[in-house]
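Okay, structure first, notes after.
Just the heavy atoms: all of them, side chains too, but no hydrogens, waters or symmetry mates, feed the values below.
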Amino acid sequence: MKRLVLALALSGLALTGQAQAASSCPPGFAMLQASDTCVRISGRVRGETLVGSSRLRASDSFQTQAGGRIRLDVRKQTEYGPVRAVISVGNLGR
């Protein structure tokens with residue numbers, strides 16, 4: 001949970017106002033304010049509900065599942081070459 005809070009806090013620092021992609025950043029990335037660091041925050045949410053299925057023994061059964069993930073991808077060009085850091089938290093498995 002601490003990683004999720006960290007990712008959300010970094011997203012607040014990333015940009016102010018409308019997202020503007022810089023020419024030095026890959027597509028889908030945005031430049032951090034007052035730096036040459038590119039950041040992309042992405043994720044997924046999945047939810048399922050199963051009610052009264054013939055696969056289950058009881059006809060009045062009810063089953064729910066949920067999952068999700070968030071991913072923070074940071075890239076920076078240095079004098080030694082590109083540096084990339086990726087933090088991915090969560091699962092979408094069953």
Rounded distance (nearest 0.5 Å) linking atom OG of Ser42 with atom CD1 of Ile70: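 Rounded to the nearest 0.5 Å, the OG-CD1 separation comes to 8.0 Å.
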Are Gln77 and Ser24 packed together at the side-chain level, in the sense that at least one heavy-atom pair is separated by less than 4.5 angstrom?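 No, their side chains stay 4.5 Å or more apart.
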Pro26 and Arg75: which non-hydrogen atoms are nearest, and at how many Å?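 For Pro26 and Arg75, the tightest heavy-atom pair comes out as CG-NH1, 3.6 Å.
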Quick one: which residue pairs count as a salt bridge (Lys or Arg N to Asp or Glu O under 4.0 Å) with a foot in residues 27-43, not counting sequence neighbours?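 Qualifying pairs: Asp36-Lys76, Arg40-Asp73.
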Taking a hydrophobic cluster as the set of Ile, Leu, Val, Met, Phe, Trp and Tyr residues connected by side-chain heavy atoms closer than 4.5 Å, whether directly or through intermediates, do Met31 and Val83 fall within one such cluster?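 No, Met31 and Val83 fall in different hydrophobic clusters.
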Going through the distances and angles, do Arg71 and Arg44 end up as a side chain to side chain contact (heavy atoms under 4.5 Å, CB included)? CA-CA 9 Å; Arg71 183 177 185 158; Arg44 284 187 182 176; over 6 Å; no
